[in-house]
Amino acid sequence: MANEQKRSSTTSILSLPTEVLSEVLARVASCSCADLFRAKLCCKLFYEVSDADNIYHRVSLDKFEIVPWSKNDQVSRFLKKCRESKNPEALYRKGVVDYFTDKHEGSALQCLEEAANSGHADAAYALGIIYIFVGGDELKRKGMRLLSGLKKSRILKARNQRCRDNLRALLRMIWVKNPFFLNPTPICCAMTHERKTSSWPMDADDVEESTCEGCACDEEIGAICAALPYR
């Protein structure tokens with residue numbers, strides 16, 4: 001009886017339309033890449049369906065190191081497939097690491113912009129910081145709008161703090177070589193009023209509320225600068 005029920009269950013799953021099965025596996029992947037890999041081993045159909053772009057687009061990367069200690073070709077191929085499938089987290093990681101280490105700036109910026117356009121908050125925050133540093137009033141104002149847009153409500157402020165903490169943690173894992181971040185720190189508030197005389201906070205927890213958009217961005221810049229390895 002138990003064997004018949006098992007066969008019936010298996011047949012029922014395998015009889016699902018490919019689109020439905022793909023959506024099921026995509027949801028599994030978004031929660032756990034380990035569960036996805038186990039599902040791929042169940043049968044040939046699962047293995048084939050799980051190779052779809054929409055699954056790589058949504059797969060969770062929580063179990064993968066952002067900066068691996070050693071090279072693993074299999075992992076590298078997997079992450080490359082995720083980026084090709086426009087996985088926002090994969091694009092964010094690649095964009096930040098490459099941009100701050102001065103590798104392929106153009107493609108790194110494109111990765112971050114694609115991730116941000118997909119709704120990845122960490123990517124939008126990183127773009128705001130980068131736009132302020134790279135110079136030019138237009139880009140700086142764009143960066144200020146991105147950062148200030150992440151602080152328009154209590155929920156967004158909490159998300160902003162997580163983005164700040166995540167970027168600080170990532171920057172501590174790499175060696176920052178991009179010359180933009182080796183130059184004197186830009187001052188955003190100078191675009192709206194006289195420069196503040198108070199010092200920047202040296203810890204992310206010290207970032208205070210500010211009624212001035214420029215000063216608020218300067219506080220974010222100070223928190224990020226404090227996390228840079230050369231500081």
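Model, not experiment: these values are computed from the prediction.
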Just to verify, what does H120 make a ring-ring contact (aromatic ring centres under 6.0 Å, His included) with, not counting sequence neighbours? Y92

Side-chain donor-acceptor contact under 3.5 Å, D98 with S107: no

For a quick test of your reading: what N or O donor-acceptor pairs under 3.5 Å do the side chains of residues 39-50 make, sequence neighbours left out?
| residue | atom | partner | partner atom | Å |
| --- | --- | --- | --- | --- |
| S50 | OG | F46 | O | 2.9 |
| S50 | OG | Y47 | O | 2.9 |

Using the side-chain contact (heavy atoms from CB on, under 4.5 Å) rule, take R168 and R164 through it: C-alpha gap first, then chi angles, then the decisive distance, then the call. CA-CA 6 Å; R168 282 164 56 92; R164 182 195 312 135; 3.9 Å; yes

Taking only residues two or more places apart in sequence, or in another chain, which ones meet C111 in a side-chain contact (heavy atoms from CB on, under 4.5 Å)? L91, K94

Could you tell me if the side chain of I55 sits less than 4.5 Å from the side chain of V28, heavy atoms only? no

With sequence neighbours excluded, residues passing side-chain hydrogen bond (donor to acceptor under 3.5 Å, both in side chains) with N87: none

With R58 via salt bridge (Lys or Arg N to Asp or Glu O under 4.0 Å) - residues at least two apart: E23

When every non-hydrogen atom of L36 is compared with those of L25, the smallest separation belongs to CD1-O, 4.2 Å

Residues P88 and S118: closest non-hydrogen pair is CG-CB, 3.9 Å

Set of residues satisfying salt bridge (Lys or Arg N to Asp or Glu O under 4.0 Å) with respect to R38, sequence neighbours excluded: D35

In this structure, would L146 and M144 fall into the same cluster of hydrophobic residues linked by side-chain contacts under 4.5 Å? yes

Are V67 and Y99 connected into the same hydrophobic cluster when the rule is that any two of I, L, V, M, F, W, Y join if their side-chain heavy atoms are below 4.5 Å apart? yes

State, with a plain yes or no, whether a side-chain heavy atom of Y125 is found less than 4.5 Å away from one of E220. yes

Taking ring-ring contact (aromatic ring centres under 6.0 Å, His included) as the definition, give me every residue that meets it alongside F100, ordered by chain and number, with sequence neighbours left out. F181

Could you tell me whether a side-chain N or O of S22 sits under 3.5 Å from a main-chain N or O of T18, the two making a donor and an acceptor? no

Rounded to the nearest 0.5 Å, what's the gap from CG on L167 to CD1 on I224? Could you check? 4.0 Å

Check salt bridge (Lys or Arg N to Asp or Glu O under 4.0 Å) between D51 and all other residues, then give those that pass, not counting sequence neighbours. none

Output for pair (R27 CZ, C31 SG), nearest 0.5 Å, gives 9.5 Å

With rounding to the nearest 0.5 angstrom, report the CH2 to CG distance, W175 to D102. 14.0 Å

Return the SG to CG distance between C33 and L61, rounded to the nearest 0.5 Å. 7.0 Å

Minimum heavy-atom separation for A115 to A123, with atom names? CB-CB, 3.6 Å

Please name all residues satisfying side-chain contact (heavy atoms from CB on, under 4.5 Å) with E65, sequence neighbours left out, ordered by chain then number. P68, W69

Value rounded to 0.5 Å, distance of CZ in R145 from OH in Y131: 10.5 Å

Linked, directly or transitively: I132 and L109 (ILVMFWY side chains, under 4.5 Å): yes

Donor-acceptor pairs under 3.5 angstrom involving side-chain atoms of residues 76-86: please list them, not counting sequence neighbours.
| residue | atom | partner | partner atom | Å |
| --- | --- | --- | --- | --- |
| S76 | OG | N72 | O | 3.0 |
| K81 | NZ | D53 | OD1 | 3.0 |
| S85 | OG | D53 | OD1 | 3.4 |
| S85 | OG | K81 | O | 3.0 |
| K86 | NZ | E114 | OE1 | 3.2 |
| K86 | NZ | E114 | OE2 | 3.3 |

When rounded to the nearest 0.5 Å, the distance separating CG of N160 from CG of L147 is 7.0 Å

